[in-house]
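Note that this is a predicted model, so its numbers are computed, not measured. Every chain is numbered from 1 and lettered A, B, ... according to where its sequence line falls, protein lines coming before strand lines.
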There are 2 protein chains.
Amino acid sequence: MSTDQLSRTFAALADPTRRDLVARLTLGDATLGELAGSYEMSLQAVSKHLTVLERAGLITRGQAGARRPVHLEAAMLEPLTDWLERYRRQAEQRFQRLDAVLAELAADEAYPDTARRNPEEEQ
Amino acid sequence: MSTDQLSRTFAALADPTRRDLVARLTLGDATLGELAGSYEMSLQAVSKHLTVLERAGLITRGQAGARRPVHLEAAMLEPLTDWLERYRRQAEQRFQRLDAVLAELAADEAYPDTARRNPEEEQ
DNA sequence: GCAGTATTCAACCGTATGGTTGACAACTAC
DNA sequence: GTAGTTGTCAACCATACGGTTGAATACTGC
């Protein structure tokens, strides 16, 4: 798993326990002990999951004495949606261009004298 | 890395090479050979990355003889944006509710006789 | 059929991941 | 201070991941 920010964040969400932690934290901050109660694994394992989320920037841990409330940094989800939307849109646009090409080919079929343009390869 | 669909898809995108492959494929289908030329790793390694993307449903491989054109299934990006948007929005709403609570506390400060409601814990 | 090209399969290697347990540290409260 | 609670650190283990190389398979074109 590579070390750049986007990779770390995608990787952090590639685990159902960590996604559940994020979902849980949208309802409000919580301590490790509170969170760990919901899972059938050791408290230390949950703490490791939180460390992964922290290194991805998705959470921060407060320092309120012995209790360290975990806080979700939901803004860090945006780069992911940005990336996903960018390429989904780009693929969609290409699909529309392909539709146009096919329509043009159909037109060529109907009027065979029309010049044919190269249908593949964009910048 | 757990085996559910969402986990597989997030995990598939948690690698810069695979994200680059997805980006590349938004421009059009390509064969393994064409794709592998762009990376400083063996053709077999790129093929493994494609297998990961395939198991996540993000690509399909055609069967046109010896050449097997790789096709992006951009629609499979949607469940990810859905998940991200859902929780980003949920966190945002909570933040707005928190703002409301703080405003209310400020009002209580100004008019101390107003009854105080429990500011924490939602469903 | 044969030569060449495109892709996959298999074995292997180093490192990262997700989990465990046990010991330690830090803070709270009496 | 001493106890108790909360969280972290460290060592360890099994398995998965990302890469390599070498061999095998599948198709094309003569």
Would you please say whether a donor-acceptor pair under 3.5 Å links the side chains of A:Arg86 and B:Thr26?
-> no
Is B:Leu27 reachable from B:Leu35 through a run of hydrophobic residues whose side-chain heavy atoms are each under 4.5 Å from the next?
-> no
Ignoring hydrogens and geometry, is there a side-chain-to-backbone donor-acceptor pair from A:Arg88 to B:Ala74 under 3.5 Å?
-> no
Tell me: CG of B:Leu53 to P of D:dC17, nearest whole Å?
-> 13 Å
Measure the acute angle between the ring planes of A:Trp83 and A:Phe10, then classify it against the limits of 30° and 60° as parallel, tilted or perpendicular.
-> perpendicular
Side-chain N or O of B:Arg18 closer than 4.0 Å to phosphate OP1/OP2 of D:dG18 = yes
Test side-chain hydrogen bond (donor to acceptor under 3.5 Å, both in side chains) applied to B:Thr81 - qualifying residues, sequence neighbours left out = none
Check ion pair A:Arg19-B:Asp4 (N to O, under 4.0 angstrom) | yes
Among C:dG19, D:dG19, D:dG7, the one nearest A:Leu43 by side-chain distance = D:dG7
Given atom CG of B:Leu50 and atom P of C:dT8, what is their separation to the nearest angstrom?
-> 8 Å
So which nucleotide from D:dG7, C:dG18, D:dG19 ends up closest to the side chain of B:Lys48?
-> D:dG19
Over how many whole Å does the gap from B:Arg67 atom CZ to C:dT7 atom C1' extend?
-> 12 Å
Detail all sub-3.5 Å separations between protein N/O atoms and N/O atoms belonging to nucleotides 21-24 of chain D.
{"residue": "D:dG22", "atom": "O6", "partner": "B:Gln44", "partner atom": "NE2", "Å": "2.8"}

Kindly calculate the angle separating the two end axes of the helix from C:dG1-D:dC30 to C:dC30-D:dG1, each obtained from five base pairs, and round it to 10 degrees.
-> 30°
Identify, with sequence neighbours excluded, every residue that meets side-chain hydrogen bond (donor to acceptor under 3.5 Å, both in side chains) alongside B:Ser47.
-> B:Arg61
Using whole Å, report how far CG of A:Asp15 lies from P of C:dA16.
-> 18 Å
Under 3.5 Å: donor-acceptor pair, side chain of A:Gln93, backbone of A:Gln90 | no
Checking all strands, does A:Thr17 fall into the base, sugar-phosphate, or nothing category for heavy-atom contacts under 4.0 angstrom?
-> nothing
On DNA chain D, check which nucleotide each of A:Arg61 and B:Met41 is closest to and give me the residue with the more 5' one.
-> A:Arg61
Looking for any heavy atom pair under 4.0 Å, which part of the strands does A:Thr31 touch: base, sugar-phosphate only, or nothing?
-> sugar-phosphate
Side chains of A:Arg18 and A:Val52: closer than 4.5 Å at any heavy-atom pair?
-> yes
Should A:Thr17 and A:Asp20 count as side-chain neighbours, where that means a heavy-atom distance under 4.5 Å?
-> no
Taking salt bridge (Lys or Arg N to Asp or Glu O under 4.0 Å) as the test, write out the residues that go with B:Arg89, two or more places apart.
-> B:Glu85
Take atom CZ of A:Arg8 and atom C1' of C:dT17, then tell me their distance rounded to the nearest Å.
-> 16 Å
Is the phosphate of D:dT8, meaning OP1 or OP2, less than 4.0 Å from a side-chain N or O of A:Ser47?
-> yes
Which of residues 32-39 of chain B have a heavy atom under 4.0 Å from DNA chain C?
-> B:Leu32, B:Gly33
When you check the side-chain N and O atoms of A:Thr60 and A:Glu73, is any donor under 3.5 Å from an acceptor?
-> yes
Can a side chain N or O of B:Arg68 be found less than 4.0 Å away from OP1 or OP2 on C:dT7?
-> no
